[in-house]
Undergrad: 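Here's a structure for you.
Every chain is numbered from 1 and lettered A, B, ... according to where its sequence line falls, protein lines coming before strand lines.
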Amino acid sequence: MDGRFDPTQADRRWQERWEDERCFEADSSSDKPKTYILEMFPYPSGRIHMGHVRNYTMGDVIARFRRMQGHEVLHPMGWDAFGMPAENAAMERKVHPGSWTWANIGAMRDQLKRIGFALDWSRELATCDPAYYGHEQALFLDLFDAGLVYRKESEVNWDPVDMTVLANEQVIDGKGWRSGVPVERKKLSQWFLKITQFADELLEGLGSLERWPDKVRLMQENWIGKSRGLHFRFALVDGPAGIDEVEVFTTRSDTIFGASFLALSASHPLALAAAEHDPDAAAFILECNAGGTSAAEVETLEKKGFKTKFEAKHPFNSNLRLPVYIANFVLANYGTGALFGVPGHDQRDYEFATRYHLSIKRVVAQGRDVASEPIGTEAEGGPGIAVNSDFLDGLETRDAAAEVIRRAEEAGWGRASTIYRLRDWGVSRQRYWGTPIPFIHCDSCGVVPVPRDQLPVILPEDVSFEIPGNPLDRHAAWKSVNCPTCGAAARRETDTLDTFVDSSWYFIRFASQPSDRPFDRFEAEAWLPVAQYIGGVEHAILHLLYARFWTRALQHIGQLGIAEPFAGLFTQGMVTHETYKAGDGSWLSPGEVRRDGDDWVHIESGHPVASGRVEKMSKSKRNTIDPEPILAKHGADAVRWFMLSDSPPERDLEWSESGIEGAARFVQRVWRLVASVSGEPGDDKDLERKGYATIAGVTAAIEGLQFNKAIALLYEFASAIEKAPASAARDGAVRTLVLLVAPMAPHIAEECWDFLGETGMIIDAPWPGFDPAMLVADEVTIAIQVNGKLRETLTVARGLDRAALEAQALALEKVQRQLDGGTPRKIIVVPDRLVNIVA
RNA sequence: GCCCCUGUGGCGGAAUGGUAGACGCGCUCGACUCAAAAUCGAGUUCUGCAAGGAGUGUCGGUUCGAGUCCGACCAGGGGCACCA
């Protein structure tokens, strides 16, 4: 054996052997306990980046670890292959989105294989493959049959650059999540999935997801936004034809006596009725609709209203008349699109009332406040005691609210109800590169599903991207089809599905992939739920909520007996790197700069460079590090090792050259240790104990996804072995180390295993165990404190009694010096741990 | 505005209420070498010659004992945002 381990040779050799022997193909009929490990599948953008490497390394460690523990592991990989970038590439480079995507998949698959992931490539799938999206179309029709899919004319978020509709979740700060331009409002007929039907289930289900980060559960909870309150009606005085009341929703029914106006959204039926005979009202509505939705605009937007000629009667006092306004701050799609304003206890209503000189009445008193004290310069939003509120006076907010609901229900003008912030999921996209929605539009039969035997509806190949918009819409031959019901000439639906639909069930297809249907229920259930799902926190709401919904929808229609798809979730941090900016403001890549003392200079020009913030690796900031040359230089194990060390996995990891070098050093260190195996006899109790402690620690750390801790323990163990004299125990420790390193650095581990003369591959070796009794040392180090401060340590036999410990501690010179002749007031003794002398 | 998270050496970060700074990076010194790389050894929170003293964002509290628990504040990050 040579002095150095050569990863370039070994990596490929083991990767080929794993592949040739089909080691990582999961057997659905295995008797072993089944474990499903999954990382969020990548979009095939062209190249693997460090974020992928980190993500997949973590999953790979768990997968290999579980395998060594005797589990049958499913660890698949595929491609989230539909989406905008392929169309953009098509426009820019005149290539077909399909050929671009498939070429990228090929390149990225090769890259992943060179990192040595234990993946079951036999189950690889790509969502742009008709063999995948055809089944998706079938599932979509199943959901349609179950009434979970509907079509509705609705105001949508229109991205004027991408020329498509966006889901609410894809609008960030009023801008398209991809294009970054302000979203416009537009009315279109869209397909929707009834996610709101599952709002409560999705909320309740979060409680069972104990192995999810609290943060993600909280984000989903907020997103679903459950509010309990009262729906009730205000009768109108002289309402227009057909409208004699206005329904509102409130969570603060206790403030009902503080109402001083009603406000309607611009698209409320009563607002439209008002506009019919009043050009001023119509103009105001237009103004409201023109308003942008960006955060900046919303923040600075003044509360404005238009006073209609209608008045509403207060439900508890029909003599009290409230003016009805159309107001720009009322949301059309939350609650009923109308509200009653309580300026005293809602800041937004306060601003509105101030502007239009409406009365601001106190109906809740807090602390020392008294009923007669006026509201100050701000609304008082918190709970308190009802005042100036007739029969509610003296009741606490909660009780007052309940009392109003009780009376409203009794009198029949309102009912307790719950509403959600969550909206139904609009899935129509006016794009080419997506799953065609399997419907046909017939002039006489309406919207007709494509018959099952005609699935998949395949995307046409001959399309052009010369003009913006949806090429499917211009493709006359593809579009024209006969109506399946009446046979007359009809048109295909040209919208495609949101790509989040594709990723809402891929984990089921991984588990079971028959050719004639989306999945086999029993095979899928054998693997699901995913034991450990790993991905970026950016999917905390969108993807994870949709996938949960889709799974529950399948359960609802009896296709799958699983409620939650991901039993364990882990969101890993990003891989970051310092940024560099040249004098002219342009970004420079790490390869273009070099260190010069404490400063950075541009290598080519020698000009000074400003080093900026450490940020997520991104093309625009040019601070990316391509994994490829790093792999070639240091080998897969060093890259994997570095991805796991240093930072806790949920935090960001800053890429550093010295970090990867340190990792490569450790790989060589393992190799040298294996070469130092002596064959000499003899035991070494301390080293054995250290070995057991390391096994226990590493096992717990991997189970808790604390890879950085596992690695620290392995470094410590390696140091201990290096220092130990030759013995059989030392040789055994080296073997243990190799086993423990195997999930993280599998290539060197196989190489070492082979060198040690073990039979079979290390991927199949059992994970080492230990006897907990062996972890206990004979001697323990006791901390000796005076007044809680450490003064000395003492090594004593384990289990030494309190009196002996106390005596030994008091005898210490340093303790005596601290006591300075005085008598201790109290002595705390924790056996095997510490003695604290209180002076 | 509301909700949540995080503050520990030069850096990444360890610490069931019980020896703060494990482990890694960097740095210093030493060994090996003609020299370098690689490797090995010693050291590395601050302050002090030392004994000692101070020290986990700030201020207070609980406790024999607080990085850890409680309260207030400061700073950074994230999520939601006219949600009735």
Undergrad: Any base atoms under 4.0 Å from A:Tyr334, or only sugar-phosphate, or nothing? Heavy atoms, all strands.
TA: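 Base contact - A:Tyr334 has a heavy atom under 4.0 Å of at least one base atom.
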
Undergrad: Check whether the side chain of A:Lys303 and the base of B:C82 form a donor-acceptor pair under 3.5 Å.
TA: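 Such a pair is found, so the answer is yes.
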
Undergrad: For the pair made of CD1 in A:Ile660 and C1' in B:G26, what is the distance, rounded to whole Å?
TA: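 Rounding to the nearest Å, CD1 of A:Ile660 and C1' of B:G26 are 17 Å apart.
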
Undergrad: Looking across every strand, which nucleic acid part, if any, lies under 4.0 Å from A:Gly662 by heavy atom: base, sugar-phosphate, or nothing?
TA: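 It contacts sugar-phosphate atoms only.
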
Undergrad: Under 4.0 Å between any heavy atoms, over every strand shown, what does A:Thr336 touch: base, sugar-phosphate, or nothing? Just pick one.
TA: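 No contact at all - A:Thr336 keeps every heavy atom at 4.0 Å or more from the nucleic acid.
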
Undergrad: Please determine, for B:G24, whether a Watson-Crick or G-U wobble partner exists with both distances under 3.5 Å, and give it or none.
TA: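 Here B:G24 is engaged in a pair, and the nucleotide opposite it is B:C11.
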
Undergrad: Can you tell me how far P in B:C59 sits from the matching atom in B:A54, rounded to whole Å?
TA: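 Approximately 15 Å lies between the P atom of B:C59 and that of B:A54.
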
Undergrad: Can you name the nearest heavy-atom pair linking A:Thr196 to A:Leu422, along with the distance?
TA: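 Result for this residue pair: CG2-O, 3.3 Å.
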
Undergrad: With heavy atoms under 4.0 Å as the rule, sort A:Ser645 into base, sugar-phosphate or nothing.
TA: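 Nothing, no heavy atom under 4.0 Å.
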
Undergrad: Does any donor-acceptor pair link the side chain of A:Asn836 with the base of B:C64 at a separation under 3.5 Å?
TA: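 Under the 3.5 Å cut-off, the side chain and the base do form a donor-acceptor pair.
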
Undergrad: For B:G57 and B:G9, measure between their P atoms and round to the nearest Å.
TA: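 Rounded to whole Å, the distance is 8 Å.
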
Undergrad: Tell me the interatomic distance from A:Arg348, atom CZ, to B:A81, atom P, rounded to whole angstroms.
TA: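 It works out to 15 Å between those atoms.
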
Undergrad: Work out how far the C1' atom of B:A22 is from that of B:U56, and round it to whole angstrom.
TA: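 Rounded to whole Å, the distance is 15 Å.
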
Undergrad: Is A:Lys826 near enough to B:C64 that one of its side-chain N or O atoms lies under 4.0 angstrom from OP1 or OP2?
TA: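 So the side chain of A:Lys826 is within the cut-off, an N or O lying under 4.0 Å from OP1 or OP2 of B:C64.
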
Undergrad: At under 4.0 Å between heavy atoms, what does A:Asn708 touch on the DNA or RNA strands: base, sugar-phosphate, or nothing?
TA: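 A:Asn708: backbone/sugar contact only, no base atoms under 4.0 Å.
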
Undergrad: Let me know the distance between CZ of A:Arg817 and P of B:G53, rounded to the nearest Å.
TA: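 For the pair A:Arg817 CZ and B:G53 P, the rounded distance is 10 Å.
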
Undergrad: Run the ring-ring contact (aromatic ring centres under 6.0 Å, His included) check on A:Phe352 and A:Tyr325 step by step: do they pass?
TA: CA-CA 10 Å; A:Phe352 190 81; A:Tyr325 285 80; 5.1 Å; yes

Undergrad: How many Å lie between CD on A:Glu650 and C1' on B:C4, as a whole number?
TA: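 One finds 15 Å between C1' of B:C4 and CD of A:Glu650, rounded.
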
Undergrad: Identify the nucleotide, in any strand shown, that forms a Watson-Crick or G-U wobble pair with B:C32, with both distances under 3.5 Å; if there is none, say none.
TA: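 Partner of B:C32: none found under 3.5 Å.
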
Undergrad: Kindly assign one of parallel, tilted or perpendicular to the pair A:Trp671 and A:Phe5, based on the angle between their ring planes and the thresholds 30° and 60°.
TA: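 Plane angle between 30° and 60°, so tilted.
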
Undergrad: Does a donor on one side chain and an acceptor on the other come within less than 3.5 Å for A:Thr576 and A:Arg651?
TA: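 Not at all, the side chains of A:Thr576 and A:Arg651 share no donor-acceptor pair under 3.5 Å.
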
Undergrad: When you measure from the side-chain N and O atoms of A:Arg421 to the phosphate of B:A81, is any distance below 4.0 Å, counting only OP1 and OP2?
TA: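 For A:Arg421, the contact criterion (side-chain N or O under 4.0 Å from OP1 or OP2 of B:A81) is met.
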
Undergrad: Looking only at side-chain N and O atoms, does A:His231 offer a donor or acceptor that is under 3.5 Å from a partner on A:Ser417?
TA: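 Looking only at side-chain atoms, A:His231 and A:Ser417 do form a donor-acceptor pair, the distance falling under 3.5 Å.
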
Undergrad: Could you give the distance separating B:U28 and B:G17 at their C1' atoms, to the nearest angstrom?
TA: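 To the nearest whole Å, 37 Å.
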
Undergrad: Would you confirm whether A:Arg825, through its side chain, and A:Thr823, through its main-chain N or O, come within 3.5 Å as a donor-acceptor pair?
TA: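 Absent.
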
Undergrad: Give one of base, sugar-phosphate or nothing for A:Val342, where a contact means two heavy atoms less than 4.0 Å apart.
TA: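 Nothing, no heavy atom under 4.0 Å.
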
Undergrad: Reading RNA chain B from 5' onward, which residue's closest nucleotide shows up sooner: A:Ile837 or A:Leu790?
TA: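 Nearer the 5' end of the strand: A:Leu790.
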
Undergrad: Taking B:C25 as the reference, what is the distance to B:G76 when you measure between their P atoms (whole Å, please)?
TA: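 Approximately 33 Å lies between the P atom of B:G76 and that of B:C25.
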
Undergrad: For A:Arg651 and B:G78, what is the distance between atoms CZ and C1' respectively, to the nearest whole Å?
TA: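 A:Arg651 atom CZ is separated from B:G78 atom C1' by 14 Å.
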
Undergrad: Mark yes or no for whether A:Asp424, through its side chain, and A:Ile195, through its backbone, hold a donor-acceptor pair below 3.5 Å.
TA: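 Side chain of A:Asp424 to backbone of A:Ile195: a pair is present.
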
Undergrad: Would you measure the distance from the P atom in B:C27 across to the matching atom in B:U19 and give it in whole Å?
TA: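 My reading of the P atoms in B:C27 and B:U19 gives 32 Å.
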
Undergrad: Counting only Watson-Crick or G-U wobble pairs whose two distances fall under 3.5 Å, which nucleotide matches B:C49?
TA: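 For B:C49, the partner nucleotide comes out as none, under the 3.5 Å rule.
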
Undergrad: Starting from C1' on B:C83, measure out to CD1 on A:Ile419 and report it in whole angstrom.
TA: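 From A:Ile419 CD1 to B:C83 C1': 7 Å.
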
Undergrad: Under 4.0 Å between any heavy atoms, over every strand shown, what does A:Gln785 touch: base, sugar-phosphate, or nothing? Just pick one.
TA: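 If one applies the 4.0 Å heavy-atom cut-off, A:Gln785 turns out to touch a base.
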
Undergrad: How long is the line joining CD of A:Glu378 and P of B:C2, in whole Å?
TA: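 Taking CD of A:Glu378 and P of B:C2, I get 10 Å after rounding.
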
Undergrad: Can you figure out which of B:C40, B:C64, B:C23 approaches the side chain of A:Ala712 most closely?
TA: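 Looking only at side-chain atoms, A:Ala712 lies closest to B:C23.
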
Undergrad: Check every strand shown and say whether A:Leu834 touches a base, only sugar-phosphate, or nothing at a heavy-atom separation below 4.0 Å.
TA: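 Base: the residue A:Leu834, judged by heavy atoms under 4.0 Å, touches a nucleobase.
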
Undergrad: If I pick the C1' atom on B:G61 and the same atom on B:U68, what distance separates them, to the nearest angstrom?
TA: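 Here B:U68 and B:G61 have their C1' atoms 15 Å from each other.
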
Undergrad: Rounded to whole angstrom, note down the C1' distance from B:U8 over to B:G13.
TA: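 Here B:U8 and B:G13 have their C1' atoms 9 Å from each other.
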
Undergrad: Between the side-chain atoms of A:Arg665 and the base atoms of B:U39, is any donor-acceptor pair under 3.5 Å?
TA: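 Answer is no: no donor-acceptor pair is held.
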
Undergrad: Which part of the nucleic acid, if any, lies within contact of A:Arg217, taking any heavy atom under 4.0 Å across all strands shown: a base, the sugar-phosphate backbone alone, or nothing?
TA: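 No contact at all - A:Arg217 keeps every heavy atom at 4.0 Å or more from the nucleic acid.
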
Undergrad: Heavy-atom nearest nucleotide on RNA chain B for A:Ala783 versus A:Glu716: which residue maps closer to 5'?
TA: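 Here A:Ala783 is the residue nearer the 5' end.
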
Undergrad: Could you tell me which nucleotide pairs with B:U16 by Watson-Crick or G-U wobble geometry, both distances under 3.5 Å, or answer none if nothing does?
TA: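 Per the H-bond distance test, none.
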
Undergrad: Pick one for B:G9: is it syn, with its angle within 90° of 0, or anti?
TA: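 You should classify B:G9 as syn.
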
Undergrad: Just name whichever nucleotide pairs with B:U63, Watson-Crick or G-U, keeping both distances under 3.5 Å, else none.
TA: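 Its partner: none found.
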
Undergrad: Separation of A:Arg4 atom CZ from B:A38 atom C1', in whole Å?
TA: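 Result: 7 Å.
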
Undergrad: Going through the distances and angles, do A:Glu247 and A:Arg415 end up as a salt bridge (charged side-chain N to carboxylate O under 4.0 Å, His left out)?
TA: CA-CA 11 Å; A:Glu247 191 174 39; A:Arg415 63 182 197 286; 3.2 Å; yes

Undergrad: B:C80 pairs with which nucleotide, Watson-Crick or G-U wobble, both distances below 3.5 Å?
TA: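 Pairing partner, where one exists within any strand: B:G1.
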
